[in-house]
Amino acid sequence: MIYRGYEIREENNKVYVDNVKDFDPVHIFESGQCFRWKKEQDGSFTGIAMDRVVNVRKDGNAIIIDNATVDDFIRIWFDYFDLGIDYSAIKEILSKDDIMRRAISFGEGIRLLKQDLWEVVISFIISANNNIPRITKIINAISAMFGKQMNYKGKVYYTFPEIDALANAEVDKIAECRAGYRCSYIVKTAHAISNGEFDLTRLKNLGTGDAKKELLKLPGVGPKVADCILLFSGTKFDVFPVDVWVARVMKELYFGYEPGKAKIMDMVQKKFGSLAGYAQQYLFYYARENKIGGM
DNA sequence: TTGCAGGGGTCAA
DNA sequence: TTGACCCCTGCA
């Protein structure tokens, strides 16, 4: 059948999607936006998302999603993989900038995943002052402790915990997943969301600035984490999270000196405007893979 | 083996 | 604007 321009078919609990442009699993899953996709020996990726576990692999211009139905694809994975967006058009616009063109040629198959907002909030609170291997470890531990068990190909996986599961958790119990001083942020944030004091669903109806201001009220959420939450949940695309990698790439490639956040934001708004979030992903991937800044 | 610096920030003073 | 913060890794 054809669904929104893609030819899809289901076979043996796998969904085949033909003619997918701008989709490289390595660029997508290793660009710092997600923490629960793991590369397998054969180059495919197995991930836990939206209360499911699936395996994704690319075969020529097709993508194959294992452990999924056509119904799942239409309800979940089409949006999750942002397949309704024409990345070629975005790349063409951004490529007017010479530096961006280089970054894009390096990470040409990047896509912004539309991840579950609640999961992204907690994941990026954990990400603060932390590195990816440890963030991954903490999220896996918290899921094993408070999530639901799933089995896939003889292995055990756990869904990301429900809001109430973390809201009702003892800080001491969460501390067992080694999140350190972030544990109290996790519980407090889960509480605020669980008891309705903070309404996650409202964010998408606000302007980007107001949505960010709201998120900053959550304990453990500062400017960088707020930007990440908005971008990686597919809520806002004109944000530009500045972490040390992006700061380095801006210094090395654009300014030649340490610009400071205000200067970066000013330039980014002028150069990339509503596409700032996409630009950030290409630059981040480029910086980290090429170790720009000498780290 | 032990010790220390530094990480994909946030908070409080 | 600055230091403390929890844990982990890499490296003397």
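Residue numbers start from 1 in every chain, and the chains themselves are labelled A, B, ... in the order their sequence lines are given, proteins ahead of strands. Quick caveat: nothing in here was measured; it's all calculated off a predicted structure.
- Residue-to-nucleotide proximity on DNA chain B shows that, of A/Val221 and A/Phe232, the 5′-proximal contact is made by A/Phe232.
- We find that NZ of A/Lys217 is positioned 14 Å from P of B/dC11, with the value rounded to whole Å.
- Across all strands, A/Pro219 comes closer than 4.0 Å only to sugar-phosphate atoms, never to a base (heavy-atom distances).
- Counting non-hydrogen atoms under 4.0 angstrom, A/Gly220 reaches the backbone sugars and phosphates but no base.
- Using a 4.0 Å cut-off between charged nitrogen and carboxylate oxygen, A/Lys270 and A/Asp266 count as a salt-bridge pair.
- If you check every strand for non-hydrogen atoms under 4.0 Å, A/Pro223 touches sugar and phosphate atoms only.
- Residue A/Ile229 contributes atom CD1, which lies 14 Å from atom P of B/dG9 at whole-angstrom precision.
- Atom C1' of nucleotide B/dT10 and atom NZ of A/Lys212 are separated by 13 Å, given to the nearest angstrom.
- C/dC6 is unpaired under the Watson-Crick or G-U wobble criterion, no partner having all donor-acceptor distances under 3.5 Å.
- Side-chain N/O atoms of A/Arg134 and base N/O atoms of C/dC7 include a donor-acceptor pair closer than 3.5 Å.
- A sub-4.0 Å separation between OP1 or OP2 of C/dC8 and a side-chain N or O of A/Arg178 is present.
- As judged by a 4.0 angstrom heavy-atom cut-off over every strand, A/Val246 is placed among residues making no nucleic acid contact.
- When the P atom is used for both C/dC6 and B/dT2, the distance is 24 Å, rounded to whole Å.
- Using a 4.0 Å heavy-atom cutoff across all strands shown, A/Tyr185 reaches sugar-phosphate atoms only and no base atom.
- Exactly one residue among A/Arg52, A/Lys153, A/Arg57 makes a salt bridge (Lys or Arg N to Asp or Glu O under 4.0 Å) with A/Asp66. That residue is A/Lys153.
- Distance check on atom P: C/dG3 versus B/dA5 gives 14 Å, rounded to whole Å.
- Taking only side-chain nitrogens and oxygens, A/Lys137 comes nearer than 4.0 Å to OP1 or OP2 of C/dT9.
- Taking atom NZ of A/Lys188 as the reference point, atom C1' of B/dT10 lies 12 Å away to the nearest angstrom.
- Rounded to whole angstrom, the span from the CG atom of A/Asp243 across to the C1' atom of B/dT10 amounts to 15 Å.
- Contact check for A/Glu119 versus A/Arg36: side-chain heavy atoms found under the 4.5 Å cut-off.
- Residues A/Tyr278 and A/Phe272 place their aromatic rings such that the two centres sit no closer than 6.0 Å.
- Residue A/Phe124 contributes atom CZ, which lies 11 Å from atom P of B/dG9 at whole-angstrom precision.
- Listed for the A/Arg134 side chain is a donor-acceptor partner under 3.5 Å among the backbone atoms of A/Arg178.
- Atoms CZ (A/Arg248) and P (B/dG7) sit 7 Å apart, rounded to a whole Å.
- A/Leu218 has its CG atom 14 Å from the C1' atom of B/dC11, to the nearest Å.
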